[in-house]
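Numbers here simply count residues along the sequence, with the first being 1. Side chains are part of it too, since the values below use all heavy atoms of this structure and drop only hydrogens, waters and symmetry mates.
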Amino acid sequence: MSVGTAPRRSGSGRLLRAEWTKFRTVRGWVLGLAAAALVIVTLGLVAASGSHTSCGGPNDVCPATPVGPGGEAVDDHFYFVHRSLTGDGSITARVSSMTGHIRKPDVTPGMRNEVDGVVPWAKAGVIVKDGTRQGSAYAAMMVTGDHGARMQYNFTGDIAGRPGGVSNDSPRWLRLTRSGEDLTGSESADGRHWTTVGTARLAGLPDTVQVGLFAASPGDLTVQQADFGGNIQQSRFTEAIAVFDQVALEGRTSGGAWEHDDIGVILEPDGAPHHPGGFAQSGDTYTVTGVGDIGPTGDGLRIESTLSGLPAGLVGVIVVAIMFVTAEYRRGLIRTSLLAGPQRGRVLAAKATVIGTVTFVAGLAAAGIVVVVGTRILRSNGNPVLPVSTFTELRVIAGVAALAAVAAVLAFALGALFRNSAAAVTVAVAVIVVPHVLATTSVLPVGAAQWLLRLTPAAGFAVQQSIPEYPHVISYYAPSAGYYPLAPWAGLAVFCGYAALALGLAVVRIRRRDA
């Protein structure tokens, strides 16, 4: 046999088989990884089983969250003044003013503190909608409290137009034109010179739709620090009052008086509407008052709420991954492994591949069980769980498995660097688990928590976020509320970068000290 065949016999395939054999024949490692997966499942299912929600009484079921055309949970609550439109056509209107009221925290207990004004995302304008059902497809051209003119559609779509507000001295003309399934929004400062803001295609839009005027005003969100840690969030009442004139319809529209509906209004126990909107007409001038919002919503439990046991499970993963390498140093067997594979970098790479692969499989099983079963338990207990697409659910499950695998590789690399189990476990937990716990429990200010989840390996936890942040929706976008500063795969990429760096340093060290 020639000398040139030796590297082939010490190739990656043989090293992988050897390291896999080592792992599966050590019962403690296999049971430890299984226990880590079991912790993720058990803690998640126990938490889901203990979560119960009812609306109004122990036997009352909370109403289902409306779902938009894209399958996302939405808030569809506004005042709608409308007529039917069959086929192509358009609506044009001038918004001459938009005012409103905002409920602020009470200065004097018992005295309602309500001020004049509109919140930044208060909105009013013209809209085409597939009926009055909550969650149905729509496109709207609007003015907002502090974000200029916008064209929004199907809850998640948002196109910016000209900045600036609206007043008696500076009215805004808005136009929405339908051509088949295409809706085009335009704006004008004088009613003569028009600028196209955007076009949206509403797939499956029926021949007859509802067209008209609308107003909405999302709650004024305030966040206060609680006495014993955490934050108290409260969304207070606001309303927008828009005055329209020079309203013109083109196309086959229904005649007679305008219809008007308070879409999504909440009813009190006696049947009275809670914070109702309103409509008044004086000649050719229309005043529309609305509350609520039209857009995606993050209010409710999420599928990742079933993953409450993930941090604890990762501690088990870290211990097993570190023992997988430090046990050889402690028993003096590492040199035997290196003799079997003289290319030392390949030995560590093989060991890292094995521990990462088996952890991914265990994490995939754990995440799949706890997300699917836990979500069903939450819903059966009356909890409103925000719907997500099948793709998003699979992405969360696979992402959590990848997160566990990368955590195992990083912990393994730290074990190879420190060659001491206690020191490596301490460092791994400190850089992976602790930053996530600190950032998501309101211990730190929001800004500090976000930077922690950008710059540390804990950035990888972003992969479990199922509901994205929407710039055109008012919400508390903080880690403690389930929002991460990086996109899911970007956060995981940061985590992978740390694992690759640590593994590279481990290879350098083993080449120098074990040569």
Side-chain angles (χ1 to χ4, degrees), residues 53-57 60 62-66 73-82 95 97-125 127 129 132-136 138 140 142-147 152 155 210 212-224 232-244 258-281 286-300 384 472-476:
T53 300
S54 62
C55 295
D60 293 336
C62 296
T65 302
V74 300
D75 187 1
D76 200 4
H77 182 189
F78 64 101
Y79 205 85
F80 190 16
V81 179
H82 57 96
V95 186
S97 72
M98 184 168 69
T99 58
H101 302 98
I102 304 173
R103 173 77 187 275
K104 292 294 186 181
D106 295 340
V107 177
T108 303
M111 294 185 63
R112 184 180 180 90
N113 182 19
E114 188 171 290
V115 300
D116 293 336
V118 291
V119 291
W121 280 110
K123 54 190 70 170
I127 184 171
K129 188 170 173 65
T132 57
R133 178 183 60 84
Q134 284 186 287
S136 58
Y138 78 96
M142 67 190 70
V143 292
T144 63
D146 196 36
H147 295 282
Q152 295 184 355
F155 303 96
Q210 296 301 308
L213 314 172
F214 81 97
S217 183
D220 183 44
L221 182 67
T222 59
V223 181
Q224 296 177 329
I232 300 175
Q233 306 163 45
Q234 188 169 9
S235 181
R236 290 182 172 83
F237 162 78
T238 72
E239 67 178 1
I241 305 169
V243 178
F244 300 86
W258 290 85
E259 297 182 65
H260 43 92
D261 289 282
D262 208 344
I263 307 296
V265 68
I266 300 172
L267 300 179
E268 301 285 5
D270 62 359
H274 180 68
H275 293 317
F279 168 63
Q281 181 176 356
Y286 307 88
T287 301
V288 183
T289 301
V291 300
D293 197 11
I294 314 174
T297 182
D299 294 336
H472 62 286
V473 176
I474 296 174
S475 188
Y476 182 51

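In the model, Trp121 has a side-chain atom that pairs as donor or acceptor with a side-chain atom of His147 under 3.5 Å. For the residue pair Asp293 / His77, no side-chain donor-acceptor distance below 3.5 Å is found, with atom types taken as modelled. Counted by atom type alone, Glu239 and His101 present one or more donor-acceptor pairs between their side chains at under 3.5 Å.
The aromatic rings of Tyr138 and Phe155 sit perpendicular, their planes meeting at an angle over 60°, well past the 30° parallel limit. Ring geometry for His260 against Tyr79 counts as parallel: the plane angle stays under 30°, on a 0 to 90° scale with 60° as the upper cut.
When all heavy atoms of Ser136 and Asp76 are compared, the closest pair comes out as N-OD2, 4.2 Å. Of all non-hydrogen atoms in Ala240 and Ala122, the two that sit nearest each other are CB-CB, 4.2 Å.
Note that CZ of Phe78 and CG of Leu213 are 11.5 Å apart. Values are rounded to the nearest 0.5 Å. The OG1 atom of Thr144 lies 6.0 Å from the CE atom of Met98; values are rounded to the nearest 0.5 Å. Atom OH of Tyr286 sits about 11.5 Å away from atom CZ of Phe244, to the nearest 0.5 Å. Here the NE2-CG distance, from His274 to Asp262, works out to 11.5 Å after rounding to the nearest 0.5 Å. Taken from NE2 in His275 to OG in Ser217, the straight-line distance is 11.0 Å, to the nearest 0.5 Å. Note that the CD atom of Gln210 and the OG1 atom of Thr132 stand 7.0 Å from one another [nearest 0.5 Å].
Thr238 is not listed as a side-chain neighbour of Val118, based on a closest heavy-atom distance of 4.5 Å or more. By the 4.5 Å heavy-atom criterion applied to side chains, Met142 and Val95 are not counted as neighbours. A 4.5 Å side-chain heavy-atom check between Thr287 and Phe279 finds every atom pair outside the cut-off. Side chains of His82 and Phe214 form no contact here, defined as non-hydrogen atoms less than 4.5 Å apart.
Of the possible donor and acceptor atoms, none in the side chain of Asp75 sits under 3.5 Å from a partner among the backbone N and O of Pro296. A donor-acceptor pair under 3.5 Å is absent between the side-chain atoms of Thr289 and the main chain of Gly277, judged by distance alone.
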Check: What's the verdict on side-chain contact (heavy atoms from CB on, under 4.5 Å) for Thr99 and Asp116, showing C-alpha distance, side-chain angles and the deciding distance?
Finding: CA-CA 7 Å; Thr99 58; Asp116 293 336; over 6 Å; no
Next item on the list: Any chance you could lay out the salt bridge (charged side-chain N to carboxylate O under 4.0 Å, His left out) test for Asp261 and Lys129, step after step, and finish with the verdict?
Entry: CA-CA 13 Å; Asp261 289 282; Lys129 188 170 173 65; over 6 Å; no
Next item on the list: Could you go through the salt bridge (charged side-chain N to carboxylate O under 4.0 Å, His left out) check for Lys104 and Asp220 one step at a time?
Entry: CA-CA 8 Å; Lys104 292 294 186 181; Asp220 183 44; 3.2 Å; yes
